[in-house]
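Below is one structure, written out as structure tokens, with a few remarks after it.
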There are 2 protein chains.
Amino acid sequence: MTTNGTVPAAKPAGAQSGTASITNVAALANVSTATVSRVLSGKRAKDDDIARRVRAAAEELNYSVNYAASALRSDVTNTIGLIIPSATDPLSAQLLDELEPLTDVDSQQLLLGIGATQEKQEERIESLVARNVDGLIIVTAPGAELAATLERQQIPIVQVGGRQRSFRTSMVSIDDNAAMEMSVRHLAESGVRSVAYLANRDMSFESAELFAMFHTQVRSYSLHTDRAWNQFGEKTVQRGFHCAMRLFGDALDRSGRDDLYRLRPEALICCDDTVAFGAMVALDALGLAVPGDVRIIGYGDSPLALTTMPQLTSVRPPVRQTVAEALRLIAAGPASPAHITLPPQLVARGSTGD
Amino acid sequence: MTTNGTVPAAKPAGAQSGTASITNVAALANVSTATVSRVLSGKRAKDDDIARRVRAAAEELNYSVNYAASALRSDVTNTIGLIIPSATDPLSAQLLDELEPLTDVDSQQLLLGIGATQEKQEERIESLVARNVDGLIIVTAPGAELAATLERQQIPIVQVGGRQRSFRTSMVSIDDNAAMEMSVRHLAESGVRSVAYLANRDMSFESAELFAMFHTQVRSYSLHTDRAWNQFGEKTVQRGFHCAMRLFGDALDRSGRDDLYRLRPEALICCDDTVAFGAMVALDALGLAVPGDVRIIGYGDSPLALTTMPQLTSVRPPVRQTVAEALRLIAAGPASPAHITLPPQLVARGSTGD
DNA sequence: TTGTAGGCGTTATCAG
DNA sequence: CTGATAACGCCTACAA
């Protein structure tokens with residue numbers, strides 16, 4: 001036996017406190033370092049006296065594994081990389097808030113990379129891969145095309161949102177076409193005859209596709225719309241205000257006409273809650289009632305949606321499920337990529353009826 | 001010489017590609033691993049043929065250091081931990097967006113922890129310290145008291161915002177008292193006679209202090225205010241709307257009185273741009289003009305401030321300087337803590353004049 | 001300035 | 001199941 005028969009209160013060798021290593025724990029528990037490693041990492045079936053002794057010793061010495069050493073030996077770093085275009089992007093922020101607690105229960109850590117352009121995102125991918133992250137979640141920047149960079153990597157990668165262009169990596173996306181279908185149907189069922197769409201201009205193919213989907217759905221529900229009503233633009237309050245002013249600014253003059261619904265929309269679908277909010281402010285200023293004169297649907301189900309009067313009907317992205325699926329796909333490893341599409345949820349509130 | 005006279009195209013030993021190690025580079029450059037380490041880490045003065053050969057070899061093999069091994073040997077992980085209450089907190093998000101590019105140029109990585117309560121924040125601190133981060137930046141959650149936890153750590157820690165309660169750690173804070181002074185002075189100089197303050201209720205000592213500071217400044221500029229006008233509340237659009245409705249709801253009845261400025265404030269200072277925005281919407285609905293009847297100042301200089309009409313005067317927190325100082329203090333090490341207070345900037349726009 | 005050699009803390013391997 | 005041992009890749013004290 002190399003360990004002494006008595007069990008001395010083994011002190012850490014290092015000068016600074018708080019640096020107990022596996023050797024100290026092993027000495028205190030009177031077992032080998034290998035056993036300590038096995039017990040603490042759960043690779044040992046029995047929960048006998050030895051296991052208890054090891055845990056007690058680790059506890060007493062306030063031991064925690066050295067992740068660097070562990071990573072060096074086992075090629076597992078217990079880290080997950082997340083790349084987002086910007087922390088001020090609402091969806092990215094929501095994902096962060098949902099993701100962090102989940103990684104924590106796995107005693108994993110989140111390495112963050114921010115890149116708003118394709119080039120920056122590629123840089124961040126390279127640098128996180130160089131850190132040996134166990135997996136990578138990427139919220140693609142609008143218009144970024146990362147397929148080539150992603151294909152090259154050996155680790156599980158999950159792309160969130162954006163368009164799938166690689167069959168070697170996984171993707172979890174939000175079914176915005178379904179959201180559009182829900183929105184138009186919801187409006188049609190509430191008796192609306194015409195509708196306008198304030199779309200998002202972010203240069204992406206998805207936006208264009210969604211714009212087409214809007215028209216498809218409008219036709220399928222026999223609603224009216226007008227080329228001049230539907231425009232691409234920013235996701236800002238101001239933009240919503242201006243658009244509503246343009247659409248309804250001279251509406252009062254024409255009241256009484258029975259084809260009024262063809263002159264101005266009876267409902268607005270907005271690409272973002274902020275746009276919807278701006279539109280509601282404008283309508284209020286014009287003396288038009290929501291939902292009486294105009295019904296409104298936003299997107300994102302941001303906190304803003306609860307603060308308008310009436311409260312805003314909005315499309316809620318499935319953030320929690322997205323995060324859960326992403327982590328599941330990473331745990332599954334790089335060999336089993338999958339493409340998952342999750343439906344959002346239409347949260348009906350006062351702005352589309354009562 | 002142990003290396004062969006010829007220079008073979010040394011291949012990585014591992015089966016998978018992309019795993020070249022320092023040994024491979026050394027072999028290809030025909031030098032020792034020690035020299036490679038010194039050249040690539042910049043601990044070697046000359047830039048001679050050897051240095052070039054090493055760099056060329058590293059390039060050719062697509063070599064990048066194994067951070068785990070490097071950390072194990074040298075106790076430097078090239079990682080910085082950041083703890084924030086929530087990614088949806090505007091200040092935290094702005095800090096993230098500013099911080100990430102700066103850590104990147106240092107080839108450092110950001111480890112993120114999210115915790116909205118004192119308990120969660122302490123958990124995250126422990127877990128990031130266990131990861132051997134080189135430094136820790138903490139955006140304190142409202143009301144959290146981390147002094148005891150922070151004192152215990154051996155690494156450089158910078159607290160952002162909040163109240164300093166430890167002389168062993170650094171702090172970078174925003175001088176909100178100065179912001180209040182600027183705001184009141186700005187209003188006084190524009191001829192306002194009375195002012196109300198829509199304060200933030202977050203249970204923190206700072207909010208209470210700021211509330212007192214408001215009254216101090218109001219007195220010092222001989223302005224009028226009223227106990228009933230100034231209340232604590234949420235940072236939401238709705239709250240601003242309600243407060244303004246309450247303050248100005250029956251204002252029209254009293255117009256014409258020459259002591260009107262004592263019955264309702266001629267200016268509003270808001271704890272947040274969203275509150276200011278809500279107030280502007282309410283004022284618009286009430287037929288009161290901004291800045292003609294009421295002048296308004298927000299806080300945060302969020303994108304929202306540019307989308308109101310007129311644009312919103314707001315206090316801009318010194319995010320960039322905060323991040324720069326935090327990184328500087330971390331680089332300086334744990335032995336030289338400092339307390340730094342940075343002044344915000346009052347961005348004057350239409351809501352307080354022209 | 002360069003190379004040699006040892007060790008950082010952990011886990012995988014292998015023999016008992 | 002346990003313990004002894006080697007190896008992960010890198011950095012650095014030391015010797016040349």
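Residues B:Thr140 and B:Gln159 have side chains in contact (heavy-atom distance under 4.5 Å, counting atoms from C-beta outward).
Place B:Leu72 and B:Lys43 on DNA chain D by their nearest nucleotides, and B:Leu72 ends up nearer the 5' end. Each of B:Ile50 and B:Ala69 lies near DNA chain C, and the nucleotide nearest B:Ile50 is the one positioned closer to the 5' end.
Computed from coordinates, the B:Arg53 CZ to C:dG3 P distance equals 9 Å when rounded to whole Å. For A:Asn66 and D:dC8, the CG to C1' distance is 13 Å, given to the nearest whole Å. Distance A:Leu40 CG to C:dT10 C1': 12 Å, rounded to the nearest Å. Atom P of nucleotide C:dT11 and atom CZ of A:Arg44 are separated by 15 Å, given to the nearest angstrom. In this entry the distance linking CD1 of A:Ile22 with P of D:dG3 reads 12 Å, nearest Å. Taking atom CG of residue B:Asp48 and atom P of nucleotide C:dT1, one finds them 9 Å apart after rounding to whole Å. Taking atom NZ of B:Lys46 as the reference point, atom C1' of C:dT2 lies 10 Å away to the nearest angstrom. Remark: C1' of D:dC10 and CG of B:Asn78 are 13 Å apart, rounded to the nearest angstrom.
Comparing C:dT10, D:dC10, C:dT1 against the side chain of B:Ser21 picks out D:dC10 as the nearest. Here the nucleotide nearest the side chain of B:Ser37, chosen from C:dT13, D:dC11, C:dT10, is D:dC11. In this structure, the nucleotide among D:dG3, C:dT4, D:dC10 sitting nearest to the side chain of B:Tyr63 is D:dC10. In the set C:dG9, D:dG3, C:dT1, the nucleotide with an atom closest to the side chain of A:Arg38 is D:dG3.
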Next on the checklist: Run B:Arg152 and B:Glu126 through salt bridge (Lys or Arg N to Asp or Glu O under 4.0 Å) and show every step you take.
Outcome noted: CA-CA 10 Å; B:Arg152 200 182 310 141; B:Glu126 300 290 358; 3.0 Å; yes
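In terms of phosphate contacts, A:Ser74 brings no side-chain nitrogen or oxygen within less than 4.0 Å of OP1 or OP2 of C:dT11. Regarding contacts with the backbone of D:dC11, a side-chain N or O of B:Ser70 is found under 4.0 angstrom from either OP1 or OP2. Close to D:dG3, at under 4.0 Å from its OP1 or OP2, lies a side-chain N or O of A:Thr35.
Remark: side-chain polar atoms of B:Asn24 are paired, donor with acceptor, to backbone N or O of B:Ser21 under 3.5 angstrom. A donor-acceptor pair is defined here as one N or O able to donate and one able to accept, closer than 3.5 Å; no such pair exists between the side chain of B:Ser70 and the backbone of B:Asn66. For the pair B:Ser170 (side chain) and B:Ala338 (backbone), a donor-acceptor distance under 3.5 Å is present.
Evaluation of atom-type donor-acceptor distances gives no pair under 3.5 Å for the side chain of B:Arg73 against the base of C:dG9.
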